[in-house]
Peer 1: 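Handing you this structure, nothing more for now.
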Amino acid sequence: MKKLVLSVLTALTTLTGAFGINSCDKTTDSTVALSQATVISDTSHQKFTIQDLNNLQDFLHSRPKKEDLSNKNYDLDNDGKWTVFDLCLMKQKIIATLAHDLDTLVVYFSRTGTTEVIADYIIDITGADVFEIEAAVPYTDKDIQYSDSSCRANREQNDKTVRPEIANTLENIEKYDTIFLGYPIWWGEEPRIIDTFLESYDFSDATVIPFCTSHSSGMSNSENNIRNLGVEYGKLLSGKRFSASSTEKDVSEWLDTLPVPEKETEIKMNIEVNGHMLAATLADNSSAKAFAELIKSEPLTIEMNDYGDFEKVGRLPQNLPKSDEYISTEVGDIMLYQGNQMTIFYDTNAWSYTKLGKIDNVTQAELKEIFGTDDVSVTFSFERKAGIFDMKSKTVMLNSGYEMPILGLGTYSLLDDTCVNSVVAELQSGGRLIDTAYMYHNEKSVGEGIKQSGVPREEIFVETKLYPNQYADAANAIDEALKKLDVDYIDLMLLHHPGTNDVEAYKAMEQAVADGKIHSIGLSNWYMEELESFLPQITIMPAIVQNEIHPYYQEIEVIPYIQSLGIVVQGWYPLGGRGYTAELLGDETIKKIAENHRVSSAQVILRWNLQKNVIVIPGSSNPEHIKENLDIFGFELSDDEMEQIKALNRNEKHDWY
């Protein structure tokens, strides 16, 4: 959808430029009188498409018209004329609509090209993204000879357990709410490679809409197969069969009959207790909505008492609607009891409750430690607080007020073209955080990779560091970093580790923040004692502390201490570091967890960090590993798995910092 919005903007800019205007200012004297079309009033509730935009462009440019415009309603300002101002208003309506549209994907498999034509129609009409399923072993004409009972496709279609391998991988499927799935009908059913695709991804939050192409066969068999495949779908709608002669109009008319899927938006709230900030997801019911109204305008603090060593209980300021049912609670559950009491569980219980929500990404041991055994004051609010990881947007709000990606690329030891190519691979694979440093000797290469990636600078979060030998002249070192990176500002700058003049260097970074050269500042390789000495000497609280963190060196006490200060923790060497990675990835505990989730050991370790609210920056020059490292949002580690990894801690540091 973003690409579509950009194309609309580009088209409009081109057109308005041709008419000599640069904005939608009604006072602009650039109009084309309406002469051949009927003016129809009231466009307030009318929806416009990209085709409407093209039609109006053609009209204003006096180009040949592709369709009859006599019944079109393009007089948006009701002045009796179709003008460039109407085009501007139309563009605004389209972008406003797109801003609320669901992210849509068209997935298709097409051997002869017939299904591809229908897929292209859907893409043109909806502006959807596209993924073509490619067989690892391509199908030849001989493979699909219907008259040959021994041909490859015939053999596959007669065996529902066959799963042909797919050559390509779909990245970030979780961002799509609506997925059109297209395929030809082979021997009365979907090709088995469609089953391979459906069993390879998570569709539990998506609306899946099949469509097929065939000469005469229907699609009921394929729909039944897809429905009974054992795959969990958010929704699976009835599909549509098209013939080789179907037109774009046929496809458009079908799309108009589809129900508009409503995006289910999770409502997040903040919970502040004992100096810790937690995130929670509210339930989708009237009780949770009533509680949301309570905290919508201002935070609500509830005094909560410990009960039974498994929950905290506090009285609400007013009764909420309840729909009690007998529930076996889980760790982190937030329940309404008797309509006027809130309970937060750090152990299990079974009773009659109404669910209000659940605390995100926290284990039983962590929750018990945070809440403690005494009475506590717990504050609930909606304002996004610093330090809370948002797994949907894959960002965290820093105490500086800037959002930072929670997963990125570390560039230590990556030099010259290798560094450039790695940065390009990271950004083109969807990553948006790049970590570098003066001492890595690759800031210039990082800047070149950013330029070559084609990703807009404002979408990229650039992080670098000053080394102790720069602290004496930090102001010039900051300017040098800007020049090497070839950027107007640096998103985050750290001091690489403690050293002579580190306080003065930090104050130089504070001045650079005031000057707009740096957005956020922080520290690297600072631990509890160093922070206790350093923080009283500075003005701006560090947004980040970046330290060595991996399953063999977990900083079990340091991480909560730093986070309690409102500082986000970032981990380097998340996979163990040079000379240790193989051992860590081969750890039997981690391998077993990876097998359970059908992911790699590296993905498990990176996900473990995120669930501990630790930003990770794994380094790699392998494009496939870079993609894999980014693909960690389709699964979640259980409390037990988090504890298993916690038990691997050896307090074993792999570098001297």
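FYI, side chains are in, hydrogens and waters are out, and symmetry mates aren't considered; it's all heavy atoms of this structure. Along the sequence shown, the residues carry numbers beginning at 1. Note that the coordinates shown come from a computational prediction; the quantities given were computed from them, not determined experimentally.
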Peer 1: Ignoring hydrogens and geometry, is there a side-chain-to-backbone donor-acceptor pair from Asp435 to Gly410 under 3.5 Å?
Peer 2: no
Peer 1: Would you indicate whether the side-chain heavy atoms of Ser214 and Pro184 approach each other to under 4.5 Å?
Peer 2: no
Peer 1: Around Asp143, counting heavy atoms of other residues, nucleotides and ligands shown, do more than 12 lie under 6.0 Å from its CG?
Peer 2: yes
Peer 1: For the residue pair Phe203 and Tyr201, categorise the inter-ring angle as parallel (less than 30°), tilted (30 to 60°) or perpendicular (more than 60°).
Peer 2: perpendicular
Peer 1: Do Asp148 and Lys142 sit within salt-bridge range, that is, some charged N less than 4.0 Å from a carboxylate O?
Peer 2: no
Peer 1: Taking atom CG of Leu229 and atom CG of Leu236, what is their separation to the nearest 0.5 Å?
Peer 2: 10.5 Å
Peer 1: Please check: side-chain N/O of Asp250 versus main-chain N/O of Ser246, any donor-acceptor pairing under 3.5 Å?
Peer 2: no
Peer 1: Is the closest side-chain heavy-atom distance between Ile615 and Val396 below 4.5 Å?
Peer 2: yes
Peer 1: Distance-only, no hydrogens or angles: does the Ser222 side chain make a donor-acceptor pair with backbone N or O of Glu190 under 3.5 Å?
Peer 2: no
Peer 1: Is the side chain of Glu223 donor-acceptor paired with the backbone N or O of Gly239 at a distance under 3.5 Å, no angle test?
Peer 2: yes
Peer 1: Quick check: does any side chain N or O of Glu459 sit under 3.5 Å from a backbone N or O of Arg432, one acting as donor and the other as acceptor?
Peer 2: no
Peer 1: Return the OG to CG distance between Ser429 and Leu630, rounded to the nearest 0.5 Å.
Peer 2: 6.0 Å
Peer 1: Just by modelled atom types, is the Lys627 backbone N or O under 3.5 Å from a matching donor or acceptor in the Asp631 side chain?
Peer 2: no
Peer 1: May I ask you to test the Glu165-Thr196 pair for a side-chain heavy-atom distance under 4.5 Å?
Peer 2: no
Peer 1: Which is it for Asn224 and Asn228 under the side-chain hydrogen bond (donor to acceptor under 3.5 Å, both in side chains) test, yes or no, and what are the steps along the way?
Peer 2: CA-CA 6 Å; Asn224 287 333; Asn228 298 320; 5.2 Å; no
Peer 1: So do Leu575 and Leu606 actually touch side chain to side chain, heavy atoms under 4.5 Å?
Peer 2: yes
Peer 1: Quick one: do Ser110 and Glu132 satisfy side-chain hydrogen bond (donor to acceptor under 3.5 Å, both in side chains)? Show the steps, please.
Peer 2: CA-CA 8 Å; Ser110 183; Glu132 180 181 3; 6.0 Å; no
Peer 1: When you measure from the side chain of Gln603 to the backbone of Glu628, do you find a donor-acceptor pair of N or O atoms at a distance under 3.5 Å?
Peer 2: yes
Peer 1: Which label fits Trp254 and Phe242: parallel for a plane angle under 30°, tilted from 30 to 60°, or perpendicular past 60°?
Peer 2: perpendicular
Peer 1: Evaluate side-chain hydrogen bond (donor to acceptor under 3.5 Å, both in side chains) for Gln611 paired with Arg607, printing each intermediate quantity in order.
Peer 2: CA-CA 6 Å; Gln611 289 184 212; Arg607 179 73 196 195; 2.9 Å; yes
Peer 1: Mind checking the OG1-CG spacing from Thr178 to Leu105? Nearest 0.5 Å is all I need.
Peer 2: 10.0 Å
Peer 1: Considering all heavy atoms of both residues, which atom of Gly586 and which atom of Lys591 are nearest to each other, and what is their separation?
Peer 2: O-CD, 3.2 Å
Peer 1: Determine, step by step, whether Lys268 and Thr281 satisfy the side-chain hydrogen bond (donor to acceptor under 3.5 Å, both in side chains) criterion, reporting the C-alpha distance in whole Å, the side-chain angles of both residues, the deciding distance to 0.1 Å, and the verdict.
Peer 2: CA-CA 5 Å; Lys268 297 285 187 180; Thr281 303; 2.7 Å; yes
Peer 1: Which pair of non-hydrogen atoms, one from Ser620 and one from Asn629, has the smallest distance, and what is that distance?
Peer 2: CB-ND2, 4.4 Å
Peer 1: Any salt bridge between Glu174 and Lys394, counting N to O under 4.0 Å?
Peer 2: yes
Peer 1: So which heavy atom on Ile406 is nearest to which on Asp390, and how close?
Peer 2: CD1-O, 4.3 Å
Peer 1: Going by the ring pair (Phe, Tyr, Trp, His ring centres under 6.0 Å) test, name the single residue among Trp186, Phe131, Tyr183 that passes it with Phe109.
Peer 2: Trp186
Peer 1: For Thr115 and Thr213, test the side chains for any donor-to-acceptor distance below 3.5 angstrom and give the result as yes or no.
Peer 2: yes
Peer 1: Kindly compute the distance separating CG (Asn421) from CD1 (Ile626), expressed to the nearest 0.5 Å.
Peer 2: 9.0 Å
Peer 1: Contact between Thr207 and Tyr233 at the side-chain level, heavy atoms closer than 4.5 Å - yes or no?
Peer 2: no
Peer 1: Main chain of Ser150, side chain of Arg155: is a donor-acceptor contact present, judged purely on distance under 3.5 Å?
Peer 2: yes
Peer 1: Do the side chains of Glu156 and Arg152 get close enough for a salt bridge, i.e. N-O under 4.0 angstrom?
Peer 2: yes
Peer 1: Looking at Gln428 and Ser453, would you say the former's side chain and the latter's main chain have a donor-acceptor pair under 3.5 Å?
Peer 2: yes
Peer 1: To the closest 0.5 Å, what do you measure between CD (Glu641) and OG (Ser638)?
Peer 2: 3.5 Å
Peer 1: Looking at CZ of Phe389 and CG of Leu610, how far apart are the two atoms once the value is rounded to the nearest 0.5 Å?
Peer 2: 6.5 Å
Peer 1: Does a side-chain heavy-atom distance below 4.5 Å link Asn225 with Ile194?
Peer 2: no
Peer 1: Would you call the rings of Phe635 and His597 parallel, tilted or perpendicular, taking 30° and 60° as the class edges?
Peer 2: tilted
Peer 1: In plain terms, say whether Lys451 and Asp486 are close enough for a salt bridge, that is, a side-chain N and a carboxylate O under 4.0 Å apart.
Peer 2: yes
Peer 1: Does any non-hydrogen side-chain atom of Val487 lie less than 4.5 Å from one of Arg457?
Peer 2: yes
Peer 1: On a heavy-atom basis, which atom in Trp82 and which in Lys72 lie closest, and how many Å separate them?
Peer 2: CZ2-O, 3.6 Å
Peer 1: Is it true that, when you exclude Lys358 itself, more than 12 heavy atoms of the residues, nucleotides or ligands shown sit nearer than 6.0 Å to its NZ?
Peer 2: yes
Peer 1: So, for Asn609 and Pro574, which heavy atoms are closest and what is the spacing to 0.1 Å?
Peer 2: ND2-CB, 4.2 Å
Peer 1: Which heavy atom in Leu282 sits nearest to a heavy atom in Ala292, and how many Å separate them?
Peer 2: CD1-CB, 4.0 Å
Peer 1: Please tell me if the side chains of Pro623 and Val424 come closer than 4.5 Å, counting only heavy atoms from C-beta onward.
Peer 2: no
Peer 1: Could you walk me through whether Ile144 and Asn154 pass the side-chain contact (heavy atoms from CB on, under 4.5 Å) test, one step at a time?
Peer 2: CA-CA 7 Å; Ile144 59 171; Asn154 203 330; over 6 Å; no
Peer 1: Is Arg241 positioned over the aromatic face of Phe211, cation under 6.0 angstrom from the ring centre and no more than 45 degrees off axis?
Peer 2: no
Peer 1: Closer than 3.5 angstrom, by distance alone: can the side chain of Gln452 be matched with the main-chain N or O of Gly449 as a donor-acceptor pair?
Peer 2: no
